[in-house]
Peer 1: 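I am attaching a structure below and will ask some questions about it afterwards.
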Amino acid sequence: MNTEGIPIRSNFSPEETENYASLVSQLSLKAAGVVRTLDESDELAFLRVRSKKHEIMIAPDKDYVLVVVQTPNEA
């Protein structure tokens, strides 16, 4: 998705894509704010959230935000 939270490509349904894009965009902005609050010279490079059902990896960049949603391996 771009930095405005608009999806560019997805394998999800349009509804799921919009839902993930909206929520991940908000999460990414909040996490970046926390990193900046802790150290003003630092920035968020990568965020990984894992639950029992999904693993969400977020890599923000200048123009785009890469979001990967996958099912974690059973360990």
Side-chain angles (χ1 to χ4, degrees):
M1 68 183 174
N2 65 16
T3 53
E4 296 171 356
I6 299 171
I8 297 170
R9 182 168 183 259
S10 175
N11 294 334
F12 288 123
S13 70
E15 295 80 23
E16 280 183 305
T17 298
E18 287 298 323
N19 192 31
Y20 270 103
S22 173
L23 295 172
V24 166
S25 180
Q26 292 175 37
L27 178 61
S28 180
L29 289 173
K30 294 268 187 196
V34 169
V35 170
R36 267 188 248 106
T37 299
L38 295 173
D39 184 353
E40 291 182 10
S41 65
D42 206 358
E43 64 183 41
L44 180 68
F46 191 80
L47 176 65
R48 178 179 169 213
V49 179
R50 184 177 173 144
S51 69
K52 290 181 180 180
K53 289 186 175 185
H54 296 102
E55 182 175 33
I56 303 171
M57 294 164 283
I58 306 164
D61 198 36
K62 180 181 165 193
D63 298 321
Y64 302 99
V65 178
L66 175 66
V67 179
V68 176
V69 180
Q70 66 181 15
T71 304
N73 291 334
E74 303 270 337

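Keep in mind that this is a model prediction, so the values were computed, not measured.
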Peer 1: Check residues 19-33 and write down every donor-acceptor pair under 3.5 Å in which the side-chain atom is one partner and the other belongs to a residue at least two apart or another chain.
Peer 2:
unit_1 : atom_1 : unit_2 : atom_2 : d
S22    : OG     : Q26    : NE2    : 3.4

Peer 1: Of all heavy-atom pairs between P72 and K52, which one has the smallest distance, and what is that distance?
Peer 2: CG-O, 4.1 Å
Peer 1: Mind checking what makes side-chain contact (heavy atoms from CB on, under 4.5 Å) contact with T3, not counting sequence neighbours?
Peer 2: none
Peer 1: Identify all side-chain donor-acceptor contacts of residues 38-47 below 3.5 Å with residues at least two apart in sequence or on another chain.
Peer 2:
unit_1 : atom_1 : unit_2 : atom_2 : d
D39    : OD1    : S41    : N      : 3.1
D39    : OD1    : S41    : OG     : 2.8

Peer 1: Pair up each side-chain donor or acceptor in residues 54-64 with any protein partner under 3.5 Å, not counting sequence neighbours, and list the distances.
Peer 2:
unit_1 : atom_1 : unit_2 : atom_2 : d
E55    : OE1    : Q70    : NE2    : 2.6
E55    : OE2    : R48    : NE     : 2.4
E55    : OE2    : R48    : NH2    : 2.6

Peer 1: By side-chain contact (heavy atoms from CB on, under 4.5 Å), which residues pair with S13, not counting sequence neighbours?
Peer 2: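 side-chain contact (heavy atoms from CB on, under 4.5 Å) check on S13 returns E15, E16.
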